[in-house]
Amino acid sequence: MEKQFKVGRIAAALAAVLFSGHAMAAQTLKFSHTDNPGGSRQAAAEVFAKKVAEYTDGRYEVKIYPSGQLANDPKAIEMMQFGAVDFTVSATGSYAPHLASLNLTAMPFLVDSYEQGWELYDNSQWLQGEFAKLPAKGFRVLSTWEAGFRSFTTNEPLTSPEDAKKMKMRVFPNDMIRWSMEAMGFQTVVMPITDVYLSIQQGVVNGQENPVDTIKSQRFYEVAPYITLTRHVYSPLPLTVSEKTWQSFSDEDKQAVMKAAKDSAAFSRDLVKNSVAKQLEEMSAAGAKISTPDIEPFRSAVQSVYAKAKDVYGAEAVDKILADAAAIRKAMPAN
């Protein structure tokens, strides 16, 4: 009996050690983004983290660093190349310094609805081919989260490109966005998103352009209360992983992380699409002045951007993405 008791104690001790070892084996992965904790990126990141832990049976823990705690968008992407950050999520144009052709996704007025945008990012042969080049740059796309369509927030009324000629507009480091803003008449100032609120407040710039979700989460409407819904660029958020991190995963864990990425993308798309009306109502109640201008003058103003894109990136690439977008708009008319 005493011998059985000792054997039982040894077995229990071994089980405790094994359990402790398993628990300690969970590897922490760093997820950096620049959205505030109340924004949709943080909500989707929490879904992603939960699903990664679930689908890997606790082998990995995703720790989220919001609000640019680790780095702004360009720096986080650079850090992924060295494995210092494992995941980030940012506008497609933020990745363009590493693959210039991705600037073409920011050409103005490519799509008119969320559904068209999802089809473009999920099934455009040209875009999928460009994404396939990214692992050689040090990171890869796992899925595409939603941010929505870019519109303006300014501290003066913006009704037409004529008004734009009097304003300085913050842009992020993306040639296509800058060209479009300058074609509309704005003077452009490049700066990271983490500097924008204070820069508007101090009069360095008159405003910025971003999706409604970002305008709300970053509270830009407090310092630039004129929200002008031009929806001039569809601006989703590719979720990316460091290639070094990806190659460290087993095949099983790669499948698990990819599944978590797709689940979080579905969550993000649903959340953002269905939140815009409420966000606009909340900002209006807080004093924002929301308007939808005549879009045709803005469309006309940016026509030169397509020709400039062909000069810089080549007519073949521009024609391919324009053809994909046109086919999608025809097959899926916006309501």
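Both backbone and side-chain heavy atoms feed into the values below; hydrogens, waters and symmetry mates do not. Keep in mind it's a predicted model, so treat the numbers as computed, not measured. Numbering of residues begins at 1 and proceeds along the displayed sequence.
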Tyr234-Phe109 aromatic ring centre distance below 6.0 Å: no
Plane angle bin for Trp118 and Tyr114 - parallel if under 30°, tilted between 30 and 60°, otherwise perpendicular: tilted
Under-4.0 Å salt bridge between Arg219 and Glu222: yes
Short side-chain to backbone donor-acceptor contact, Thr188 and Met169, under 3.5 Å: no
Note, Asn123 side chain near Gln128 side chain (heavy atom, < 4.5 Å): no
Separation of Asp73 CG from Ser32 OG (nearest 0.5 Å): 7.5 Å
Asp294 side chain to Glu296 backbone, donor-acceptor under 3.5 Å: yes
Within 6.0 angstrom of Lys254 NZ, more than 12 heavy atoms from elsewhere: yes
Joint cluster assignment, Val241 & Val141, ILVMFWY side-chain distance < 4.5 Å: no
Test item: Gln81 side-chain N/O and Lys137 main-chain N/O as donor-acceptor pair under 3.5 Å: yes
Short N-O contact, Glu119 and Arg329, less than 4.0 angstrom: no
Contact check, side chains of Pro108 and Val305, non-hydrogen atoms, under 4.5 Å: yes
Neighbour count above 12 (heavy atom, 6.0 Å) for Gln69 CD: yes
Side chain to side chain contact (heavy atoms under 4.5 Å, CB included) between Ile321 and Leu127, worked out: CA-CA 7 Å; Ile321 187 172; Leu127 187 51; 5.7 Å; no
Phe48 CZ to Trp145 CH2 distance, which is reported to the nearest 0.5 Å: 7.0 Å
Pair Ser199-Asp195, side-chain donor/acceptor within less than 3.5 Å: no
Side-chain donor-acceptor pair present, Gln279, Asp213, cut-off under 3.5 Å: yes
Side chain Arg170, main chain Val196, donor-acceptor under 3.5 Å: no
Polar contact flag, side-chain donor to acceptor under 3.5 angstrom, Asn103-Tyr313: yes
Gap separating the CG atom of Leu70 from the NZ atom of Lys63, nearest 0.5 angstrom: 9.0 Å
Side chain proximity check, Thr230 to Pro293, heavy atoms < 4.5 angstrom: yes
Heavy-atom closest contact (Lys166 atom, Asn206 atom, distance): O-OD1, 4.1 Å
Glu156 atom CD: more than 12 heavy-atom contacts under 6.0 Å: yes
Side chain proximity check, Asp86 to Met80, heavy atoms < 4.5 angstrom: no
From CA spacing to verdict: side chain to side chain contact (heavy atoms under 4.5 Å, CB included), Arg140, Thr240: CA-CA 5 Å; Arg140 68 172 57 215; Thr240 50; over 6 Å; no
Residues Glu316, Lys320; criterion salt bridge (charged side-chain N to carboxylate O under 4.0 Å, His left out); working and verdict: CA-CA 6 Å; Glu316 182 180 1; Lys320 282 182 178 179; 3.4 Å; yes
Side chain to side chain contact (heavy atoms under 4.5 Å, CB included) assessment of Thr144 paired with Leu237: CA-CA 6 Å; Thr144 303; Leu237 306 164; 5.8 Å; no
Exercise: do Gln208 and Asn210 side chains pair donor with acceptor under 3.5 Å: yes
Atom pair CG/CD of Asn274 and Glu146 - distance to nearest 0.5 Å: 11.0 Å
Backbone of Glu162 reached by a side-chain donor or acceptor of Ser160 within 3.5 Å: yes
Side-chain donor or acceptor of Thr154 paired with backbone N/O of Pro157 under 3.5 Å: no
Ring pair (Phe, Tyr, Trp, His ring centres under 6.0 Å) between Phe87 and His33, intermediate numbers included: CA-CA 9 Å; Phe87 302 101; His33 69 81; over 10 Å; no
Close side-chain approach of Glu252 and Arg59, heavy atoms under 4.5 Å: yes
Lys/Arg-Asp/Glu bridge criterion (N-O < 4.0 Å) met for Arg178, Glu182: yes
Shared hydrophobic cluster for Phe298 and Val302 (ILVMFWY, side-chain gaps under 4.5 Å): yes
Connected via hydrophobic side-chain network under 4.5 Å: Leu104 and Leu134: yes
Minimal non-hydrogen separation, Ala96 against Asn174, with atom names: CB-ND2, 4.3 Å
Same apolar cluster: Tyr121 and Ile77, side chain cutoff 4.5 Å: yes
Minimum-distance pair of heavy atoms, taken over all atoms of Val111 and Phe149: O-CE2, 3.4 Å
SB check Lys51 Glu46 (cutoff 4.0 Å): no
Contact summary for Gly148 and Val272, nearest pair of heavy atoms: N-CG1, 4.3 Å
Pairwise distance CG(Leu110) to CD(Gln116) - rounded to 0.5 angstrom: 10.5 Å
Distance, nearest 0.5 Å, that separates OG of Ser275 from CD of Glu282: 9.0 Å
Ring centre gap for Phe139 and Tyr95 strictly below 6.0 Å: yes
Tyr221 vs Ile227, side chain to side chain contact (heavy atoms under 4.5 Å, CB included): CA-CA, chis, key distance, verdict: CA-CA 7 Å; Tyr221 63 93; Ile227 300 175; 4.1 Å; yes
Between Ser101 and Glu130, a side-chain donor and acceptor under 3.5 Å: yes
Tyr197 side chain reached by Gln218 side chain, heavy atoms, under 4.5 Å: no
Heavy-atom donor-acceptor pair, Arg231 side chain to Asp112 backbone, under 3.5 Å: yes
For Ile64 against Pro66, the heavy-atom pair lying closest together: O-CD, 3.5 Å
Donor-acceptor contact present, side-chain Gln42 to main-chain Thr34, <3.5 Å: no
4.5 Å side-chain heavy-atom contact, Met184 and Glu209: no
Close side-chain approach of Phe220 and Phe152, heavy atoms under 4.5 Å: no
Residue pair Arg150 / Ser235, side-chain donor-acceptor N/O under 3.5 Å: yes
Closest heavy-atom pair and its distance - Ala309, Met107: CB-SD, 4.1 Å
Donor-acceptor under 3.5 Å (Ser94 side chain, Ser90 main chain): no
Single-linkage hydrophobic cluster, 4.5 Å side-chain cutoff, Ile177 and Ile215 together: yes
Distance-only side-chain donor-acceptor flag, Asp35 / Ser217, under 3.5 Å: yes
Exam field: side chain Asp253 to backbone Phe249, donor-acceptor pair closer than 3.5 Å: no
